[in-house]
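First the structure, in the form of structure tokens, and then the observations on it.
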Amino acid sequence: MNTVLMTVAAYLIGSISFAVVMSKLFGIADPRTYGSKNPGATNVLRSGNKGAAIMTLLGDGAKGWLAVWLAYHYQEQLGVGDLAIALVAIAVFLGHLWPVFFRFVGGKGVATALGVLLGLNPWLGLATLVTWLAIAFAFRYSSLAALIAALFAPFYYGLLFGVEPQLFAVIAMSVLLAYRHSQNISNLLAGKESRIGGKGAAAKEAAPAKGKKK
């Protein structure tokens, strides 16, 4: 029963869409209405508001880390094993992808996945983050960096800790992340993918005019 409750709680934590919340707080357009229509930090950045994008990134990452940290912190007290930790890890990620609070329209999960990995082990998260940064810096494609980092994350986990239930959660996240980036993969192959920092016209058109009621 405790495993079920932890899993449900993790899903609810993951269902908090910081892209939507921060956009409202910063007074900018809903990220689901412009650009890639993805409620994530990269799309929020297309609005031109770097502060909202940074807060979205931190919030989405923090919720992934928090869910896993709480699971580890109360693991002995609740009498649950590694399977519960693995379920919590995947549940908070699924919450971000399909959030119950936002009609199951969520983001692609990059920041939340990183938060989960940091929660599972800081070295695991750091290795994956360095991989993302290296690819992003070299090619300036957030989606490509995410896909390469997702490919290496299970490898890093297996190398560091061997075969454990959490490894299968990492594999599941990697597969789902690749699935959520299917359109980005097509755009990359066609040479149409937006680069990091690009501000599309759709974002400008969607941004609410100053001085007008929303």
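No donor-acceptor distance shorter than 3.5 angstrom exists from the side chain of Lys108 to the backbone of Asn38, with no hydrogens or angles considered. Here the side chain of Thr112 pairs no donor or acceptor atom with the backbone of Gly109 at under 3.5 angstrom. Ser15 places no side-chain N or O within 3.5 Å of a backbone atom of Pro99 that could act as its donor or acceptor partner. With hydrogens and angles ignored, the 3.5 Å screen pairs no side-chain donor or acceptor of Arg180 with any backbone N or O of Val110. Formation of a donor-acceptor pair under 3.5 Å by the Asn43 side chain with backbone atoms of Tyr34 is found in this model. Distance alone, capped at 3.5 Å, places no donor-acceptor pair between the Asp60 side chain and the Ala41 backbone. Here the side chain of Asn184 pairs no donor or acceptor atom with the backbone of Ser143 at under 3.5 angstrom. Within the 3.5 Å criterion, the main-chain N or O of Gly106 finds no donor-acceptor partner in the side chain of Arg32.
The shortest non-hydrogen separation linking Ala89 to Val92 is O-CG1, 3.3 Å. Heavy-atom minimum distance, Ala146 versus His181: CB-NE2, 4.0 Å. Here the shortest heavy-atom pairing between Ala172 and Ile90 reads CB-CD1, 3.8 Å. Of all non-hydrogen atoms in Gly14 and Lys63, the two that sit nearest each other are O-NZ, 2.8 Å. Closest of all the heavy-atom pairs between Phe104 and Trp98 is O-CD1, 3.3 Å. In terms of heavy atoms, Gly40 sits closest to Thr56 at C-CG2, 4.0 Å.
Between the CG atom of Leu97 and the CE atom of Met173 there is a distance of 10.0 Å, given to the nearest 0.5 Å. One distance of note links CG of Leu118 with CG of Leu124; it measures 8.0 Å at 0.5 Å rounding. Taken to the nearest 0.5 Å, the CD atom of Gln166 stands 9.0 Å off from the CZ atom of Phe161.
Cluster membership for Leu83 and Trp69, using ILVMFWY side-chain heavy atoms within less than 4.5 angstrom, is not shared. Hydrophobic clustering, with ILVMFWY side chains joined whenever heavy atoms are under 4.5 angstrom apart, keeps Tyr74 apart from Leu5. Both Leu117 and Leu159 belong to a common hydrophobic cluster when Ile, Leu, Val, Met, Phe, Trp and Tyr are linked at side-chain heavy-atom distances under 4.5 angstrom. Residue Phe155 is grouped with residue Leu133 when hydrophobic side chains (ILVMFWY) are merged at heavy-atom distances under 4.5 angstrom, including chains of intermediate members. Side-chain heavy atoms closer than 4.5 Å link hydrophobic residues (I, L, V, M, F, W, Y) into clusters, and following such links, even through other members, never connects Leu126 to Phe137.
The shortest side-chain heavy-atom distance between Leu151 and Leu147 does not fall under the 4.5 Å cut-off. Looking at Leu177 and Phe93, their side chains come closer than 4.5 Å, going by heavy atoms from C-beta outward. In this structure, Tyr156 and Thr131 have side chains that are in contact, with non-hydrogen atoms separated by less than 4.5 Å. Side-chain contact between Val44 and Pro31 is present, with at least one heavy-atom pair separated by less than 4.5 Å. Counting heavy atoms from C-beta outward, Trp132 and Leu114 have side chains that stay 4.5 Å or more apart. Tyr72 is listed as a side-chain neighbour of Leu120, based on a closest heavy-atom distance under 4.5 Å.
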* Asked: What's the verdict on side chain to side chain contact (heavy atoms under 4.5 Å, CB included) for Gln75 and Asp82, showing C-alpha distance, side-chain angles and the deciding distance?
  -> CA-CA 9 Å; Gln75 182 177 16; Asp82 287 343; 3.6 Å; yes
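Within a 6.0 Å radius of CZ in Phe102, other residues, nucleotides and ligands contribute more than 12 heavy atoms.
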